[in-house]
Undergrad: 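The structure is given below, and queries will be raised subsequently.
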Amino acid sequence: MNDMLKTSFSKEVYDLFNQPADVVAPKLLGQHLLRRFPDGQVGRFLISEVEAYVGQEDKACHAHRGKTPRNVVMFGPAGFWYVYLIYGMYWMLNLVTSPKDDPHAVLFRGLKFVSWEQTSVDVDRVSSSNAGSVSQKALKNLDGPGKLTRALMINKDLNGQLASPVSGLWLEIDLNKPAPSFEKLPRVGIDYADKWKDKLLRFRLL
DNA sequence: GCAATGATACAG
DNA sequence: TGTATCATTGCT
């Protein structure tokens, strides 16, 4: 673990991220994703659905055909965001997992809004202005990988950034939280992936 | 069922 | 340099 990563994650969380994506993905369910919006407000979101992309042998994984300018961050160390544009319109958010040169990632497919973080600086403004410039309505519709990135204002600027508060998008992992019940399903939109399309690498809270 | 919309990967 | 494809969404 290099110095930057050391200061960004606890050993326990970094050890989690260093595992294969199919191990990490279900453990992210029920945990929290936090987003600092341009107006400074911080939203808290519960992770409700994810998919695992498990390295170069996985035909559905972007890293399947080797390193390219788009997927290079997946070949780096765990704990970074992999963000890319799909269908010319939608940004997909992934967390890179597993060690360097083993390109795994977890795709975020669904979130639920939990709350606004109340800081001493903005508590007056939040209580008086209905949570600033971020649309409350937009934050109710987070069921879909393209919808959640739109609502959280996630785009290519986050690609390759560290999943820590310095990037404005980070995870809050409580390893003592009891494991929630979830179902395993096939991944979506990868019909081209032969036998890999049927593998149960999508995980959704029940 | 299918159009939108543009970056990407790969063929030639 | 051309073009088929795409880890999606929303409208008909």
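Lettering follows sequence order; numbering is per chain, from 1.
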Undergrad: Any link between A:Phe17 and A:Val23 through a network of hydrophobic side chains (Ile, Leu, Val, Met, Phe, Trp, Tyr) touching at under 4.5 Å?
TA: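 Per the 4.5 Å side-chain linkage, A:Phe17 and A:Val23 are not co-clustered.
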
Undergrad: Counting side-chain heavy atoms from CB outward, which of B:dC10, C:dT8, C:dC6 is closest to A:Arg65?
TA: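 Comparing B:dC10, C:dT8, C:dC6 against the side chain of A:Arg65, the answer is B:dC10.
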
Undergrad: For DNA chain C, whose closest nucleotide is more 5', that of A:Arg150 or that of A:Val188?
TA: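 By nearest-heavy-atom nucleotide position, the 5'-most residue is A:Val188.
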
Undergrad: What nucleotide among C:dT8, B:dA4, C:dT9 has an atom nearest to a side-chain atom of A:Met89?
TA: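 Side chain of A:Met89 sits closest to B:dA4.
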
Undergrad: To the nearest Å, how far apart are A:Leu85 CG and C:dC6 C1'?
TA: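 Taking atom C1' of C:dC6 as the reference, CG of A:Leu85 is at 10 Å.
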
Undergrad: What is the distance, to the nearest angstrom, from the NE2 atom on A:His64 to the P atom on C:dA7?
TA: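 From A:His64 NE2 to C:dA7 P: 13 Å.
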
Undergrad: According to the Watson-Crick and G-U wobble definitions, with both distances under 3.5 Å, which nucleotide is paired to B:dT5?
TA: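 Base-paired to nothing in any strand shown.
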
Undergrad: Under the side-chain hydrogen bond (donor to acceptor under 3.5 Å, both in side chains) test against A:Glu49, which residue among A:Arg202, A:Lys112, A:Arg204 passes?
TA: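 That would be A:Arg202; it is the only one of A:Arg202, A:Lys112, A:Arg204 passing the side-chain hydrogen bond (donor to acceptor under 3.5 Å, both in side chains) with A:Glu49.
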
Undergrad: In whole Å, I'd like the distance from the CD1 atom of A:Ile86 to the P atom of B:dA7.
TA: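 After rounding, the reported distance stands at 13 Å.
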
Undergrad: Rounded to whole Å, how long is the line connecting atom OH of A:Tyr192 with atom P of B:dA9?
TA: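 It works out to 12 Å between those atoms.
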
Undergrad: May I ask whether A:Tyr53 stacks on the base of C:dA7, given the cut-offs of 5.5 Å between ring centres and 30° between planes?
TA: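 Whether judged by distance or by angle, A:Tyr53 passes, so it stacks on the base of C:dA7.
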
Undergrad: B:dA7 P sits how many Å from A:Met92 CE, rounded?
TA: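 The distance from CE of A:Met92 to P of B:dA7 comes to 16 Å, rounded to the nearest Å.
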
Undergrad: In this structure, how many angstroms lie between the C1' atom of C:dT5 and the CZ atom of A:Arg70, rounded?
TA: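 To the nearest whole Å, that distance equals 10 Å.
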
Undergrad: In whole Å, what is the span from the NZ atom of A:Lys59 to the C1' atom of C:dA7?
TA: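 Checked: the NZ to C1' distance equals 15 Å.
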
Undergrad: Round to the nearest Å and state the distance from A:Leu107 atom CG to C:dC6 atom C1'.
TA: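 That distance rounds to 13 Å.
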
Undergrad: P atom, C:dG2 versus B:dT5: distance in rounded Å?
TA: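 To the nearest whole Å, 23 Å.
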
Undergrad: Checking contacts here: which listed nucleotide (C:dT8, B:dA7, C:dG10) is nearest the side-chain heavy atoms of A:Tyr90?
TA: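 The nucleotide sitting nearest to the side chain is C:dT8.
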
Undergrad: So for A:Tyr84 and C:dA7, does any side-chain atom that can act as donor or acceptor lie under 3.5 Å from a complementary atom in the base?
TA: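 Per atom types, the contact qualifies.
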
Undergrad: So does A:Arg202 get a side-chain nitrogen or oxygen closer than 4.0 Å to the phosphate oxygens (OP1/OP2) of C:dA7?
TA: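 Result: no.
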
Undergrad: If Ile, Leu, Val, Met, Phe, Trp and Tyr residues are connected whenever their side-chain heavy atoms lie under 4.5 Å apart, and connections chain through other members, are A:Tyr82 and A:Val188 in the same group?
TA: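 A:Tyr82 does not cluster with A:Val188.
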
Undergrad: Of all the nucleotides listed (C:dT9, B:dT8, C:dC6), which has the minimum atom distance to the side chain of A:Tyr87?
TA: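 From the listed options, C:dC6 comes nearest.
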
Undergrad: Students often mix this up, so state it plainly: with edges at 30° and 60°, are the rings of A:Phe37 and A:Phe45 parallel, tilted or perpendicular?
TA: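 Aromatic pair A:Phe37/A:Phe45 classed perpendicular.
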
Undergrad: Measuring to OP1 and OP2 of C:dG10, would you say a side-chain N or O of A:Lys147 lies under 4.0 angstrom away?
TA: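 Yes, A:Lys147 has a side-chain N/O under 4.0 Å of OP1/OP2 on C:dG10.
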
Undergrad: Out of curiosity, does A:Leu148 fall in the hydrophobic cluster containing A:Met89 (side-chain heavy atoms, cut-off under 4.5 Å, transitive links)?
TA: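 Yes, A:Met89 connects to A:Leu148 through the hydrophobic network.
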
